[in-house]
J.: 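I'd like to ask you about the structure that follows.
Just follow the structure's listing: the first ligand is 1, and inside any ligand the first atom is 1. Count residues from 1 along the sequence.
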Amino acid sequence: MAAALGIPVAFLGCEGATTVVCESPEEGPSGFVTCANGLVTRPAAVTCESELPRDQVCQGDPEFDQCQTDADCTEFPNGACGVASGDPFGDPFPGCSCSYGCVTDDDCGDGAICACASPVGQCISAECGTDAECDDGQLCARWDSLDECGGGGFACTTGDDECLSHSDCGDGQSCEYQAGKRSCVQIEPCAIGRPFLIDDEPRLAEAVLRDDWSLRTKHDAAALDADTRSALAERWLEVARMEHASIAAFARFTLQLLALGAPGELVASSAKAGADEARHARLAFGMVKAFGGVAVGPGPLGLDGALGDTVDHEQLLRVVYREGCVGETIAALEAREGQSRSGLAVFASIAADEADHATLAWASTKWLAEQIGPRAAYILAEELERAAARSVPLVRGEPELGAFGFLTSFEREALRSDAVESLVRPATLALMARLTTQFEEQAPLSVH
Ligand SMILES: [Fe+2]
Ligand SMILES: [Fe+2]
């Protein structure tokens with residue numbers, strides 16, 4: 001199969017295991033090498049160059065500045081002082097604040113390597129540091145999910161890999177590393193609602209004929225042509241199934257918060273968010289009925305594997321950041337845009353709730369980071385860069401449903417990248433700065 005995919009292979013012994021060869025390697029920063037087939041590998045670790053500390057003085061807001069120059073950022077190594085202005089949901093975080101990078105892999109701790117960047121390297125997730133850590137004939141190579149809520153990083157190739165790059169997979173699929181090998185997985189949209197991820201795969205219930213999930217809407221679809229009605233019913237069904245899965249995502253999140261002894265306010269907000277998602281799902285199934293003329297609802301939702309044996313602060317922080325801080329911030333903006341284009345009240349109601357859910361995600365992220373300690377700043381920096389590198393799969397020839405509140409994949413991609421840069425990035429940097437100050441104040445206590 002690998003040969004058919006254009007991957008150079010040679011057979012080793014009688015096991016049938018394949019070896020991965022990097023043809024025409026081109027060297028890049030961080031010891032990364034790009035092969036002719038697009039694979040990015042890391043034969044050797046390097047020490048990154050740092051431009052820190054820079055002479056420049058950060059131009060922020062004197063009332064809120066936490067630093068003026070890089071020299072003020074001393075909580076961890078490789079501190080940079082930059083502007084972080086604005087927070088998506090009203091909590092003011094303006095002014096200059098510190099963020100922290102890396103020069104070597106050791107600066108990143110376990111499970112991460114240092115990717116060189118300007119003004120200083122950034123830690124990224126990695127299961128291997130160099131090719132030498134992989135089995136014979138395998139390489140330490142980069143993978144990146146195309147799913148907005150998915151992940152990425154470095155991991156060894158294996159003889160069991162089904163793909164090495166997205167081009168090895170079919171349309172609408174992404175080559176992802178999970179459960180110890182690379183496989184082609186279906187890309188699921190990550191919009192209007194929190195996905196219910198189990199082993200990194202979104203879990204959705206099938207739609208079945210039933211009439212007890214459709215809230216009545218005043219929407220009159222009679223004036224629309226049949227094609228538009230069916231395209232709208234299809235889009236609303238996607239939304240409805242996603243919203244339905246979000247109920248389970250919050251139910252699980254509530255249990256995980258309880259397991260970690262979280263504050264009552266977070267637990268109460270998570271339980272309320274689950275109820276919001278149930279209403280969104282019923283509203284959306286109502287829209288399916290209004291446009292499609294047939295009442296459908298969710299079938300049984302499989303829960304196998306939904307709850308692991310243990311709940312881990314770091315893992316939960318990453319999931320909440322991806323699903324909530326990034327996913328629901330974008331979902332809120334998409335729903336708001338849908339409302340302004342279509343004037344439909346259903347979008348306004350969903351937008352307001354999704355904004356609350358994003359706020360809850362930021363509050364949960366802050367609490368989890370406080371429990372983890374200084375390492376949380378690295379995790380957040382890594383997750384931020386991962387979010388910035390994501391993109392929405394672009395589809396050509398989509399039905400034009402803008403007047404009904406739905407964005408095309410091209411519009412969603414523009415909205416997503418703008419939201420990450422203008423809202424998620426400054427809010428994350430500001431949170432990191434706030435945590436740094438907090439850890440600084442707490443530090444003397446831990447001496448005793
Ligand atoms: Fe939500
Ligand atoms: Fe929702």
Side-chain angles (χ1 to χ4, degrees), residues 88-90 147-149 188-198 202-205 207 213-215 217 235-257 265-288 296-298 301 306 316-340 342 344-365 387 392 404-407 412 415-416 419-420 423-424 427:
F89 302 102
D147 185 331
E148 196 171 284
C149 297
E188 293 288 346
C190 184
I192 314 197
R194 175 179 292 229
F196 184 41
L197 299 174
I198 299 177
R203 181 78 58 89
L204 295 168
W213 272 79
S214 314
L215 283 185
T217 75
R235 288 298 292 266
W236 276 108
L237 183 57
E238 272 174 37
V239 173
R241 291 175 69 209
M242 181 70 91
E243 297 282 7
H244 173 259
S246 305
I247 309 169
F250 274 111
R252 177 174 64 179
F253 185 51
T254 303
L255 288 174
Q256 289 169 325
L257 286 173
E265 202 180 328
L266 291 184
V267 174
S269 300
S270 176
K272 178 188 171 295
D276 293 341
E277 303 295 13
R279 197 167 48 80
H280 298 172
R282 297 173 71 207
L283 280 168
F285 279 117
M287 297 301 273
V288 177
V296 292
L301 180 67
L316 194 56
L317 173 68
R318 290 182 188 275
V319 172
V320 170
Y321 184 86
R322 285 178 204 175
E323 293 181 349
C325 300
V326 181
E328 298 216 70
T329 296
I330 294 167
L333 293 174
E334 264 191 54
R336 206 173 293 170
E337 181 64 22
Q339 202 272 332
S340 77
S342 66
L344 286 176
V346 59
F347 281 115
S349 148
I350 290 177
D353 290 340
E354 302 301 359
D356 282 350
H357 300 172
T359 305
L360 167 63
W362 286 105
S364 307
T365 295
V392 173
F404 305 96
F406 286 106
L407 279 64
R412 285 182 57 214
L415 180 141
R416 193 205 62 80
V420 169
L423 296 175
V424 176

J.: Rounded to the nearest 10 degrees, what's the angle OE1 of E354 makes with ND1 of H357 at the Fe ion (ligand 1)? Could you check?
T.: 100°
J.: Please check this pair: side chain of R241 against backbone of A205, looking for a donor-acceptor N/O pair closer than 3.5 Å.
T.: yes
J.: Between S270 (side chain) and L266 (backbone), is there a donor-acceptor pair under 3.5 Å?
T.: no
J.: State, to the nearest 10 degrees, the angle whose vertex is the Fe ion (ligand 2) and whose arms point to OE1 of E277 and ND1 of H280.
T.: 90°
J.: What is the name of the N/O/S atom of E328 that is nearest to the Fe ion (ligand 1)?
T.: OE1
J.: For a distance under 2.8 Å, tell me if E243 has an N/O/S atom near the Fe ion (ligand 2).
T.: yes
J.: Given H357, which of E277, E323, K272 fulfils the side-chain contact (heavy atoms from CB on, under 4.5 Å) condition?
T.: E277
J.: Give, for atom CZ of F406 and atom CD of E337, the distance between the pair rounded to the nearest 0.5 Å.
T.: 13.0 Å
